[in-house]
Engineer: 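My questions all concern the structure below.
Below, chains carry the letters A, B, ... as their sequence lines are ordered, and counting in each starts from 1.
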Amino acid sequence: MHIYDSVKKTKLKFESITPRKASIYICGPTVYDNAHLGHARSSLSFDLLVRTLKALRYDVIMGKNFTDIDDKIIKKVQESGKSLAEITTYYITRYQEDMRALGVIDADIEPKATQSLEAMESMIQSLIDKDIAYIVESGDVYFDVSKDKKYGAISKMVGDDQENQSRVEHTSLKRNPKDFALWKACNGEDDICFETAFSKGRPGWHIECSAMIEEHFAKTHGNEEYSIDIHGGGADLLFPHHENEASQSRCATGHELAKYWMHNGFVNINGEKMSKSLGNSFFVKDALKVYDGEILRNYLISVHYRNDFNFNEEDLLNSKKRLDKLYRLKKRVTPTKASKPNKTFYKAILSAMSDDLNISVALATIDEMISSTNDKLNENPKNKGLKKETLANIEFLDELLGFGGKEPFSYFQIGIDKETKIKIEFLIQQRDEAKKAKDYEKSDAIREEISAMGISLMDTAEGTLWEKL
RNA sequence: GGCGACAUCGCCAAGUGGUAAGGCCGCAGCCUGCAAAGCUGCUAUCCCCAGUUCGAAUCUGGGUGUCGCCUCCA
């Protein structure tokens, strides 16, 4: 397995801290709203990583956090009159539902910030004790960036400009503009706060990941050099979030946070970054109303995870056609019992994915398998061995890439209700009779009628098959 | 202002030194009552300029363009 390390900016051979084991931690969502396509893309990127590592026989432990305490959530609490728990529980559930609909395997560990307060408090306290963090008059606790000589190692964003050109205005309470809040003091009566030794307040954003990784991974999967194998997230988290995480962990624990860092690219809508501030967010739940999760998944993983992804319907339908072809082949080899995947195919797919998740090469390999198998089946439709092997190939794809697992006939009938189905089948029967009677005018008219319903017909040796377009 | 990414056929997209994968679309053919599906064949010299090299889409330098991070963000 080779992965691109976005800190070292090069592709590296993956060598886990503990042989055969891989610990992965991904920055999850702040749960104050529904998941958007960006969340989906990030989840899917690392889902492919997990699946590939598993296929390579790694024992994978995957953690993904939920930030369930933060300014935006508090704002929502104040606006809605609902409790913090009500809001966060709702959106956590929604997130999990959406990701499962996309075929994302659940993380093994899903820590919540509110359940990791002790770990955060003790990490902050140790930074204060080491004089790396300082408490300000207001009660805020800041991390003193100047105390970490390695600060900037992750993002290379150090810049020696004192009067930096950052677009942000800095509060005067900080010693250094790059210092960041570990703990935010309580702000008024309707704020949501927790009691600690240093002040009543709530955690800053960066500290939770460091604390959670320390609590859940470092002791079992880390070593004296690193806490975990791979830390991932969206490219926007590289700075400042991951820089800060890495710095505070390094200073508090004495070892580096992660051996490898991976960052997925953005989802753009019409060439623009999709973001909350631009107001062009596209929710997963809305996309799922129009397209089946498997189709969305297939589309969202079709571009390499590090590239930007330009979401548009035309490309989505294009990628659906590839999936359709796979299911048409699956129809041809169903029903049968899967044997073993073709060795050459298996190796080619796995080796593509082992090369920093090279999905394009994997997809090209699938296309080649589909067309050559169709070709062979055209020559000998009763090739049982081939059918069994092909079904095994497809089952392998379902396991590694997460698509192709549906029953093929139902795949082409998604969104068709029972009544319509009965009507379609009735019309097909009528058409068959007309065809037998060589009344082609009538049979073509019926086909027209069916086609107007958005259904495509295929006459095969096994009878007339239909698909929803 | 600082840091960084990317630029390959009409569209999507691989390929990081050895002479351009794959998909969609299009055209031609086989199959079909006709279609659909499936199969076969055809379609690019890689943003521009200069350099390194026997050899570059791939390396170096300089342009041009697009995008991102530096503020909550996947």
Engineer: Over how many whole Å does the gap from A:H2 atom NE2 to B:U16 atom P extend?
Structural biologist: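 Between P of B:U16 and NE2 of A:H2: 13 Å.
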
Engineer: Does A:Y32 have A:K76 sitting over its ring (NZ/CZ under 6.0 Å from centre, angle to axis within 45°)?
Structural biologist: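 No, A:K76 does not lie over the aromatic ring of A:Y32.
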
Engineer: Work out how far the C1' atom of B:C25 is from that of B:A7, and round it to whole angstrom.
Structural biologist: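 Roughly 23 Å separates the two C1' atoms.
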
Engineer: Here's a test of your reading of the structure: between A:A364 and A:S155, which maps to the more 5' nucleotide of RNA chain B?
Structural biologist: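 Its nearest nucleotide lies further toward 5', so the answer is A:S155.
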
Engineer: A:L357 and side chain to side chain contact (heavy atoms under 4.5 Å, CB included): which partner among A:M1, A:R51, A:R306?
Structural biologist: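 Checked A:M1, A:R51, A:R306 against A:L357; only one passes side chain to side chain contact (heavy atoms under 4.5 Å, CB included): A:M1.
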
Engineer: A:F309 and A:Y299: aromatic ring centres closer than 6.0 Å?
Structural biologist: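 That pair passes the under 6.0 Å test.
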
Engineer: Rounded to the nearest angstrom, tell me the gap between atom CG in A:L238 and atom C1' in B:U71.
Structural biologist: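 Roughly 16 Å, once rounded to whole Å.
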
Engineer: B:A7 pairs with which nucleotide, Watson-Crick or G-U wobble, both distances below 3.5 Å?
Structural biologist: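 Matched B:A7 with B:U64 under the 3.5 Å cut-off.
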
Engineer: Is there a Watson-Crick or G-U wobble partner for B:U53 with both distances under 3.5 Å, and if so, which one is it?
Structural biologist: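 Pair assignment: B:U53 / none.
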
Engineer: Before we go on, tell me: are the rings of A:F66 and A:Y95 under 6.0 Å apart, centre to centre?
Structural biologist: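 Yes, the ring of A:F66 comes within the 6.0 Å limit of the ring of A:Y95, centre to centre.
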
Engineer: What is the distance from OH of A:Y32 to C1' of B:A74, rounded to the nearest Å?
Structural biologist: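 Atom OH in A:Y32 sits about 11 Å away from atom C1' in B:A74.
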
Engineer: Starting at atom NE2 of A:H241, determine the distance to atom P of B:G68, rounded to an integer number of angstrom.
Structural biologist: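 For the pair A:H241 NE2 and B:G68 P, the rounded distance is 21 Å.
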
Engineer: Tell me which nucleotide, if any, is Watson-Crick or G-U wobble paired with B:G1 when both distances must be under 3.5 Å.
Structural biologist: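 In the structure as shown, B:G1 has B:C70 as its Watson-Crick or wobble partner.
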
Engineer: Is there a side-chain contact between A:I74 and A:Q78, using heavy atoms and a 4.5 Å cut-off?
Structural biologist: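 Yes, at least one pair of side-chain atoms sits under 4.5 Å.
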
Engineer: Considering all heavy atoms of both residues, which atom of A:H304 and which atom of A:I359 are nearest to each other, and what is their separation?
Structural biologist: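 Reported closest heavy-atom pair: N-CG2, 3.8 Å.
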
Engineer: Mind listing the closest non-hydrogen atom pair of A:D356 and A:Y4 along with its distance?
Structural biologist: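 Closest heavy-atom pair between A:D356 and A:Y4: OD1-N, 3.0 Å.
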
Engineer: Scan every strand shown for a Watson-Crick or G-U wobble partner of B:U32, both distances under 3.5 Å, and answer none if you come up empty.
Structural biologist: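 Checking every strand shown, B:U32 finds no partner, since no pair has both distances under 3.5 Å.
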
Engineer: Between A:R306 (CZ) and B:C67 (C1'), how many Å, whole number?
Structural biologist: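 The answer, rounded to whole Å, is 16 Å.
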
Engineer: Roughly how far apart, to the nearest Å, are B:G29 and B:A21 at atom C1'?
Structural biologist: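 Nearest-Å result for B:G29 against B:A21 at atom C1': 25 Å.
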
Engineer: Between B:G23 atom P and A:L317 atom CG, what is the distance in whole Å?
Structural biologist: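 Atom CG in A:L317 sits about 18 Å away from atom P in B:G23.
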
Engineer: Less than 2.5 angstrom apart at the SG atoms, yes or no, for A:C209 and A:C27?
Structural biologist: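 Cystine link not detected, SG atoms outside the 2.5 Å cut.
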
Engineer: Taking the six-membered ring for Trp, are A:F345 and A:F396 parallel (under 30°), tilted (30 to 60°) or perpendicular (over 60°)?
Structural biologist: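 Ring orientation, 0 to 90° scale: perpendicular.
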
Engineer: Measure all distances between protein nitrogen or oxygen atoms and nitrogen or oxygen atoms of nucleotides 12-15 of chain B, and list the pairs falling under 3.5 Å.
Structural biologist:
residue : atom : partner : partner atom : Å
B:A13   : O2'  : A:S360  : OG           : 2.9
B:A14   : OP1  : A:N307  : OD1          : 2.9
B:A14   : O5'  : A:S360  : OG           : 3.1
B:A14   : O3'  : A:N358  : ND2          : 3.3
B:G15   : OP1  : A:N358  : ND2          : 3.0

Engineer: What does A:G265 touch in the nucleic acid at a heavy-atom separation under 4.0 angstrom: a base, only the sugar-phosphate, or nothing?
Structural biologist: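 Result for A:G265 = base.
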
Engineer: Could you give the distance separating B:C54 and B:U19 at their C1' atoms, to the nearest angstrom?
Structural biologist: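 Rounded to whole Å, the distance is 13 Å.
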
Engineer: How far does the P atom of B:G62 sit from the matching atom of B:C24, given to the nearest Å?
Structural biologist: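 My reading of the P atoms in B:G62 and B:C24 gives 42 Å.
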
Engineer: Can you give one letter per nucleotide of nucleotides 27-38 of chain B, 5' to 3': B if a protein heavy atom sits under 4.0 Å from the base, S if only from the sugar-phosphate, - if neither?
Structural biologist: ------BBBBSS

Engineer: Within this structure, what is the CZ-to-P distance between A:F180 and B:C69, rounded to whole angstrom?
Structural biologist: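 Computing the A:F180:CZ to B:C69:P distance gives 20 Å.
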
Engineer: Identify the residue among A:D33, A:D68, A:V77 that makes a side chain to side chain contact (heavy atoms under 4.5 Å, CB included) with A:I87.
Structural biologist: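 Only match with A:I87 under side chain to side chain contact (heavy atoms under 4.5 Å, CB included): A:V77.
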
Engineer: Give the rounded distance in Å between these two atoms: NZ of A:K321 and P of B:C24.
Structural biologist: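 Rounded to whole Å, this separation is 8 Å.
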
Engineer: Applying a 3.5 Å limit to both distances, which nucleotide forms a Watson-Crick or G-U wobble pair with B:A44?
Structural biologist: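 Across any shown strand, B:A44 pairs with none.
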
